[in-house]
Amino acid sequence: QVQLVESGGGLVQPGGSLRLSCTASGNIYYINNAGWYRQAPGKERELVASINRGGSTNYGDSVKGRFTISRDAAKNMVFLQMSRMNPEDTAVYYCNAEVVNSRGRYLDVWGQGTLVTVSS
C-alpha cells in the first residue's frame with residue numbers, strides 16, 4: 001500500500017559529501033514522522049536523523065553538525081545531506097516513515113536500504 005525507495009547511496013571519499021533521497025508512494029495522506037537509520041556490520045540499527053511533520057529534527061550524536069535531514073512534503077520525499085563523512089559512516093542506510101493514509105490509519109514503513117561506503 002505504501003512504499004519507500006531510497007536512492008543516492010554509493011562510494012564517497014573521507015571528508016566528502018553525499019545526499020540520500022527517500023521517495024514515498026502509495027496511499028499517503030501525509031507523512032507524520034520520517035527518519036533515516038543506518039546499520040553497520042555487527043552493529044545494531046541506529047537512528048541517524050528524524051524529522052516530524054512540523055519540521056522539528058533530531059540527530060544521532062555521531063552525526064550532529066555533519067548531517068542534515070530535510071523534507072519536501074509536496075513530493076513525499078525525505079532527504080539526508082551527509083557532509084564531512086568518515087569511514088565510520090559506512091553502513092546501509094534505511095528510510096523510515098510513519099505514514100497516515102486516506103483512512104486515517106498510521107503505517108510504519110521502511111525502505112529497502114541503500115549502501116553508503118566511505119573509503120579512499
Side-chain angles (χ1 to χ4, degrees):
Q1 186 177 20
V2 177
Q3 301 83 38
L4 302 181
V5 178
E6 302 101 332
S7 63
L11 177 65
V12 64
Q13 298 182 28
S17 299
L18 204 63
R19 181 178 172 88
L20 304 182
S21 299
C22 173
T23 303
S25 61
N27 185 355
I28 302 170
Y29 182 57
Y30 66 88
I31 298 175
N32 192 25
N33 304 310
W36 289 93
Y37 294 74
R38 68 186 183 187
Q39 188 165 25
K43 299 179 67 176
E44 295 184 357
R45 187 173 298 186
E46 65 175 345
L47 173 70
V48 177
S50 64
I51 186 168
N52 68 14
R53 191 184 181 191
S56 180
T57 59
N58 185 43
Y59 295 93
D61 289 341
S62 64
V63 308
K64 287 180 180 177
R66 300 189 298 119
F67 292 7
T68 302
I69 188 171
S70 60
R71 62 174 184 166
D72 186 335
K75 297 181 179 179
N76 289 324
M77 295 187 70
V78 183
F79 307 95
L80 182 69
Q81 179 66 51
M82 303 182 288
S83 300
R84 304 196 306 279
M85 301 184 71
N86 60 65
E88 293 188 343
D89 295 321
T90 296
V92 177
Y93 285 70
Y94 298 90
C95 181
N96 171 250
E98 183 186 44
V99 174
V100 181
N101 69 14
S102 61
R103 301 182 67 178
R105 296 181 62 184
Y106 287 73
L107 304 173
D108 187 57
V109 187
W110 290 86
Q112 80 288 349
T114 185
L115 177 63
V116 173
T117 302
V118 185
S119 179
S120 297

| remark: The reported gap from CD1 in Ile51 to CD1 in Ile31 (rounded to nearest 0.5 angstrom) is 10.5 Å
| request: Report the C-alpha separation of Trp36 and Cys95 in whole Å, then their side-chain angles, then the decisive distance to 0.1 Å, and conclude whether the side chain to side chain contact (heavy atoms under 4.5 Å, CB included) test is met. | output: CA-CA 5 Å; Trp36 289 93; Cys95 181; 4.0 Å; yes
| When clusters are formed by joining ILVMFWY residues with side-chain heavy atoms under 4.5 Å apart, either directly or through shared neighbours, do Phe67 and Leu47 land in the same one? | no
| message | For Val116, run the side-chain contact (heavy atoms from CB on, under 4.5 Å) check against Val92, Leu11, Asp89, Leu18 and tell me which one passes. | response | Leu18
| message | Please check if the number of heavy atoms outside Gln3 that lie under 6.0 Å from its CD is greater than 12. | response | yes
| field | From Arg38 atom CZ to Lys43 atom NZ, the distance as rounded to the nearest 0.5 Å | value | 6.5 Å
| message | Quick check on the hydrophobic clustering: are Val99 and Val78 connected, directly or via other members, by side-chain heavy-atom contacts under 4.5 Å? | response | no
| message | Within a 6.0 Å radius of atom CZ on Arg105, are there more than 12 heavy atoms belonging to other residues, nucleotides or ligands? | response | no
| message | Would Asn101 and Leu107 count as a side chain to side chain contact (heavy atoms under 4.5 Å, CB included) here? Give the steps. | response | CA-CA 8 Å; Asn101 69 14; Leu107 304 173; 4.2 Å; yes
| said: Which heavy atom of Tyr59 sits nearest to which heavy atom of Thr68, and what is that distance? | reply: OH-CA, 3.3 Å
| request: Considering non-hydrogen atoms only, spot the tightest contact between Ala49 and Leu80 and give its length. | output: CB-CD1, 4.1 Å
| query | Is it the case that one hydrophobic cluster holds both Leu4 and Met77, taking links as side-chain heavy atoms less than 4.5 Å apart, direct or via other members? | reply | no
| Counting heavy atoms not belonging to Tyr29, are there more than 12 under 6.0 Å from its OH? | no
| Pro14 versus Val118: any side-chain heavy-atom pair under 4.5 Å? | yes
| query | So how far is it from Ser17 OG to Met82 CE, rounded to the nearest 0.5 Å? | reply | 9.0 Å
| request: Taking all heavy atoms of Val48 and all of Tyr37, pick out the closest pair and write down the distance. | output: CG2-C, 3.8 Å
| said: Measuring from atom CD1 of Ile69 to atom OG of Ser50, what distance do you get when rounded to the nearest 0.5 angstrom? | reply: 6.0 Å
| Closest non-hydrogen atom pair between Thr90 and Ala40, with its separation | O-CB, 3.6 Å
| request: Flag the pair Asn96 / Tyr94 as yes when at least one side-chain heavy-atom distance between them is below 4.5 Å, and no otherwise. | output: no
| Does the side chain of Ser70 come within less than 4.5 Å of Gln81's, by heavy atoms? | no
| How far apart are the closest heavy atoms of Asn27 and Val2, and which atoms are they? | O-CG2, 3.5 Å
| remark: dist Lys64:NZ -> Thr57:OG1 (nearest 0.5 Å) comes out at 10.0 Å
| query | Between the side chain of Gln13 and the main-chain N/O of Ser120, is any donor-acceptor distance below 3.5 Å? | reply | no
| Point-to-point distance, once rounded to the nearest 0.5 Å, from OH of Tyr30 to CG of Asn76 | 12.5 Å
| said: Looking at every non-hydrogen atom in both residues, tell me the closest pair between Arg66 and Met85 and how far apart they are. | reply: NH1-CA, 3.7 Å
| Expected output: side-chain Gln112 to main-chain Val5 donor-acceptor under 3.5 Å | no
